[in-house]
Amino acid sequence: MASRVVIKIGGSLFFDDAGVNTDRVQKFAQFLKKTPEIQAIIVGGGRIARTYIQGARALGASETECDLLGIATSRINGQLLIRAIGDTTYPWVPKSVEEFAKARATGKLVVMGGLQPGQSTTSVAVIIAEFLHADLLVVLTDVDGIYDKDPHKFPDAKRFSSITVDQLQKVLQKGAGAKIAAAGEYQIFDPVSSEIVKRSQLSVHLLSGKELAQISHIIKDPAADIGTKITR
Ligand code: UTP
């Protein structure tokens, strides 16, 4: 049983074609309220980040400026979740690890977004999890694990039940090529996340954010064969 858990929610999970998926945001909020093991939540930028980044890039923005737009959108998405959870959360998204520490000292649940250019919100989640000595980081995305090839294109794609950070970097690099470190294009595990996982004792599990019951399952039994376990 994990007792100190950090969760990263991919921003894409908050949106559907009609806009904000308020039903899903509410379900996350209810789930987070009744799961005291979860100590911090990091929310990504999702489609709204990519919309702004693509627009800004077309207008000549640098990658750093694009990253800053991505960070701003992740904080806006975090604010949506704060609204949905209500009074048990710290009311605003901290902008640094120091601000996070102060927010956490209030005893409230803290929701974070991005921190600085050059990384994704998965890196923020890894940094916060390392800071808290979390015994589990759960990364929620819109797929149910890491596959050896794109499961949408290849019906014979196989899910890894466990993968090392180095193997994962290779799988992701194959799919992304030169785009591995462009704003809005960071893969689910970017280079900063990988390096911090390698130096820390952190246990990381990637799961589908569409099956909330799986999160409770992995908290109760971190060895369960669901999603993909990422090891050092
Ligand atoms: P993410 O790419 O982490 O969002 O952040 P996400 O929603 O988790 O992504 P998906 O949808 O699950 O794939 C959005 C963008 O914000 C910038 C990056 O450009 C990133 O692609 N960002 C985020 C930073 O530059 N620094 C951060 O600390 C976080």
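Note that ligands are numbered from 1 as they come in the structure, with each ligand's atoms numbered from 1 the same way. Every heavy atom of this structure was used, including side-chain atoms; hydrogens, water molecules and symmetry mates were not.
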Salt-bridge test for Arg57 and Glu63: reply yes if a basic N is under 4.0 Å from a carboxylate O, no otherwise.
yes
How about Asn77 and Ser74: does a side-chain donor come under 3.5 Å of a side-chain acceptor?
no
Report the member of Asp142, Asp67, Thr122 with the shortest heavy-atom distance to atom 25 (O) of ligand 1.
Asp67
Ligand 1 contacted by Gly184 (non-hydrogen, < 4.0 Å):
yes
Any Lys/Arg nitrogen of Asp166 or Lys170 sitting under 4.0 Å from an Asp/Glu carboxylate oxygen of the other?
no
What are the atoms of ligand 1, with element, lying closer than 4.0 Å to any heavy atom of Pro117?
25 (O)
So is there a nitrogen or oxygen of Gly114 less than 3.5 Å from a nitrogen or oxygen in ligand 1?
no
Nearest option to atom 8 (O) of ligand 1, as decided by whichever heavy atom of Glu63, Lys8, Arg47, Met112 sits closest
Lys8
Which residue and non-hydrogen atom of the protein lie closest to atom 20 (C) of ligand 1, and at what distance in Å?
Tyr186 CD1, 3.7 Å
Classify the side-chain pair Thr88/Lys33 by whether it contains a donor and acceptor separated by less than 3.5 Å.
no
Would you say Val124 has any N or O atom under 3.5 Å from an N or O of ligand 1, going by distance alone?
no
Would you check the N or O atoms of Ile53, main chain and side chain alike, for any that come under 3.5 Å of an N or O of ligand 1?
no
I'd like to know whether ligand 1 has Thr141 as a neighbour, heavy-atom separation below 4.0 Å.
no
Is it the case that ligand 1 has an N or O less than 3.5 angstrom from some N or O of Ala183?
no
Quick test: of every protein heavy atom, which one is nearest to atom 15 (C) of ligand 1, and how far off is it to 0.1 Å?
Gly70 CA, 3.8 Å
NZ of Lys198: more than 12 outside heavy atoms within 6.0 angstrom?
yes
So if I count the atoms of ligand 1 from 1 in the order they appear, which ones are less than 4.0 Å from some heavy atom of Gly46?
4 (O), 6 (P), 7 (O), 11 (O)
Given Arg50, Gln119, Gln116, which has its nearest heavy atom closest to atom 22 (N) of ligand 1?
Gln119
Heavy-atom closest contact (Ala49 atom, Gly70 atom, distance)
CB-CA, 4.1 Å
What protein heavy atom sits nearest atom 5 (O) of ligand 1, and how far away is it?
Gly45 N, 3.8 Å
Would you say that more than 12 heavy atoms from the other residues, nucleotides or ligands in this model lie under 6.0 Å from the NZ of Lys149, or not?
yes
Among all protein non-hydrogen atoms, which one is nearest to atom 12 (O) of ligand 1, and what is the separation to 0.1 Å?
Gly10 CA, 3.6 Å
Paired with Gln201, the side-chain hydrogen bond (donor to acceptor under 3.5 Å, both in side chains) test is passed by just one of Arg232, His133, Glu130, namely Arg232
Geometric N/O contact Cys66 with ligand 1, under 3.5 angstrom
no
Looking only at heavy atoms, what is the nearest atom pair of Phe15 and Gly45, with distance?
CE1-O, 4.5 Å
Indicate the ring-plane relationship of Phe28 and Phe14, choosing parallel, tilted or perpendicular according to the 30° and 60° boundaries.
tilted
Note: Ile128 and Ala40 closest approach over all heavy atoms is CG2-CB, 3.9 Å
Does an N or O anywhere in Thr121 fall below 3.5 Å from an N or O of ligand 1?
yes
